[in-house]
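Reminder, nothing fancy here: chain letters follow the sequence lines and each chain counts from 1. Keep in mind that this is a model prediction, so the values were computed, not measured.
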Amino acid sequence: MYALVDCNNFYVSCERLFNPALKGVPVVVLSNNDGCVVARSPEAKALGIKMAVPAFQIKELIKKHQIRVYSSNYSFYGDISSRVMATLESLAPQIEVYSIDEAFLDLSGFGQPGSLTDYGQHIRSTVKQYIGIPVCVGIAPTKTLAKLANHGAKSYPRTGGVVDLSAKERQQKLMSLVDVGEIWGIGRKTAEKLQRHGIKTAFQLSQLDLQHAQRVANINLVKTIDELNGVIHYSFDDVPEIRKQLICSRSFAQRMTDYTSLRQTICEFAARAAERLRGEQLACGVVQVFIRTGQFNNNDPGYSNSATARLSAPAADTRTIVKTATDLFDAIWKEGYRYAKSGVMLGEFCDPQTVQQDLFADASVDEESARLMGVIDQINRSSKGKVWFAGQRPYEDWFMKRANLSPAYTTRWSDLPLVR
DNA sequence: TCTGGGGTCCTAGGACCC
DNA sequence: TCTGGGGTCCTAGGACCC
């Protein structure tokens, strides 16, 4: 049995923690670059603001209803998230952190079915008391059903924020009330396709013939249907696997047209990606670079391109990764476009201790590289200052609009809330 | 004028081989 | 120069998630 614990409109709840004036009024949090809405308080949802709607489209609504608007403060949310997760760790033998605001708990061998609702309430009240964040809990035999249970707990206040779907009848009852598009793994496209086949509710989906499902969509739909019927395909995973790729990319606050500026962004992303790579004790075998113009302005000519290079031996050295990335950039750069976004992607990770050496490499060079990178990382993590490579572009002037940022309440001394 | 960032997985289609 | 089937591998793009 799984429990899915999901924080209620997490980013808004974080902002409310240290700013009680936000309680009971409509609040939204915007994505990076103040682009679109990524979290809404219940009051904001009630005004009809949809998830992921571009901020400029709701300007009038914001003014009219005095909606409080915040830029994303990820370091703050990340810090609150780790406190929530630590609390959950103390409440279950094993947890799988699924995203910044969700975790699966393994409840196998955990009390009698039926007593699980009480346990869910215990989780809710403990997290609320310790951290101050409201959560909902969904309990069920598969992850997909636990997601559905959580959705039910969020949608129906009468549940008290906890839904236990141990019993088959309750699963079916809830499924018949829920649109197929609400199911985990069913996005907009698949939902439309299913509706064209007359499948509107989750229950109808659960009854779909598996071979038919495979033809209509793909293997993932088959797995989802199985999971709705209690067959586990997505098992509990408390030690996260090594990631497959690492991306560092941003949209720019303003369009960029010149070679030097754009090249600097690539340097910066490459350097940051390399830093994260070393932070996870990994080396990479592949570097990819992409640049593109805006997607939405039809008057501008569009251009989008990427290039990939395989390194002669896996590397974690910023100098290697920056050099490779800028060479790739030179190969795809084209004059005459208004660029909106760029990025660097690293892949094919391995443990730097056990890598296959380049046949022609000199081992002492690798040692020196590791030492140098270690020193740079140490300096950059400390409060003493920053070291960077000449090609990098200092972040602040091009990166992200964040007009409505809340203080770093928990991660910067000067922003600590004071009690007078 | 302004439309996120960071991931994973699957599929279709092209290149290439025998 | 034309012809076929079967296989692998790679890449681009789509769909989905939060």
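The distance between the ring centers of A/Tyr339 and A/Trp333 falls below 6.0 angstrom. Checked against a 6.0 Å centroid threshold, the rings of A/Tyr11 and A/Tyr74 count as neighbours.
Among the heavy atoms of the strands lying under 4.0 Å from A/Ile186 are primed sugar atoms or P, OP1, OP2 only; no base atom is included. When heavy atoms are screened at a 4.0 angstrom cut-off, A/Arg310 is found touching no nucleic acid atom at all. In this structure, A/Leu221 reaches neither bases nor backbone, as no heavy-atom distance under 4.0 Å exists between it and the strands shown. A/Ile100 comes within contact range of no nucleotide atom at all, as no heavy-atom separation falls under 4.0 Å.
Separating the CG atom of A/Asn32 from the C1' atom of B/dG6 is a distance of 10 Å, rounded to the nearest angstrom. Rounded to whole Å, the distance from CD1 on A/Ile62 to P on B/dC2 is 18 Å. Separating the CD1 atom of A/Ile332 from the C1' atom of C/dA12 is a distance of 14 Å, rounded to the nearest angstrom. Note: CD1 (A/Ile219) to P (C/dA15) measures 18 Å, nearest angstrom. One interatomic measurement links the two molecules: CZ of A/Arg243 to P of B/dG6, which rounds to 10 Å at whole-angstrom precision. To the nearest angstrom, P of C/dA15 lies 11 Å from CG of A/Asn218. Nucleotide C/dC18 holds its P atom 12 Å from the NE2 atom of A/His151, rounded to whole Å. Residue A/Asn220 contributes atom CG, which lies 10 Å from atom P of C/dC17 at whole-angstrom precision.
Phosphate proximity of B/dG5 to A/Ser251: present, with a side-chain N or O under 4.0 Å from OP1 or OP2. A sub-4.0 Å separation between OP1 or OP2 of B/dT1 and a side-chain N or O of A/Arg338 is absent. Taking only side-chain nitrogens and oxygens, A/Ser249 comes nearer than 4.0 Å to OP1 or OP2 of B/dG6. When the side-chain nitrogen and oxygen atoms of A/Gln245 are compared with OP1 and OP2 of B/dT8, one or more of them lie within a distance under 4.0 Å. For the pair A/Lys341 and B/dG5, the criterion of a side-chain N or O lying under 4.0 Å from OP1 or OP2 is met. The side chain of A/Arg255 contributes an N or O atom lying less than 4.0 Å from OP1 or OP2 of B/dT3. When the side-chain nitrogen and oxygen atoms of A/Lys147 are compared with OP1 and OP2 of C/dC18, one or more of them lie within a distance under 4.0 Å. Remark: A/Thr190 is in phosphate contact with C/dC16, judged by side-chain N or O atoms under 4.0 Å from OP1 or OP2.
Candidate nucleotides C/dC16, B/dG4, C/dC18 were compared by shortest atom distance to the side chain of A/Lys189, and C/dC16 ranks first. Nearest nucleotide to the side chain of A/Cys36, out of B/dG6, B/dG4, C/dC16: B/dG4. Of the listed nucleotides (C/dC18, B/dC2, B/dG7), B/dC2 has the atom at the smallest distance from the side chain of A/Phe56.
Here the separation of C/dC18 from B/dT3, taken at their P atoms, is 24 Å to the nearest Å.
With both pairing distances under 3.5 Å, B/dC18 is matched to C/dG5 as a Watson-Crick or G-U wobble pair.
Of the listed residues (A/Leu47, A/Val27, A/Ile58), just one forms a side chain to side chain contact (heavy atoms under 4.5 Å, CB included) with A/Ile67, and that residue is A/Leu47. Of the candidates A/Glu227, A/Gln171, A/Met1, A/Leu145 forms a side chain to side chain contact (heavy atoms under 4.5 Å, CB included) with just one, namely A/Gln171.
The pair A/Arg310-A/Glu348 meets the salt-bridge criterion, with a side-chain N (NZ, NE, NH1 or NH2) lying under 4.0 Å from an Asp/Glu carboxylate O.
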Quiz prompt | Worked check of ring-ring contact (aromatic ring centres under 6.0 Å, His included) between A/Phe104 and A/Phe236 | solution = CA-CA 8 Å; A/Phe104 289 102; A/Phe236 193 78; 7.7 Å; no
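Remark on DNA chain B: of its neighbouring residues A/Gly35 and A/Lys244, the 5'-side contact belongs to A/Gly35, judged by nearest-heavy-atom nucleotide. Along DNA chain B, the nucleotide nearest to A/Lys223 and the one nearest to A/Ala340 differ in position, and the one closer to the 5' end is contacted by A/Ala340.
Minimum heavy-atom separation, A/Thr326 to A/Cys267: CG2-SG, 3.5 Å.
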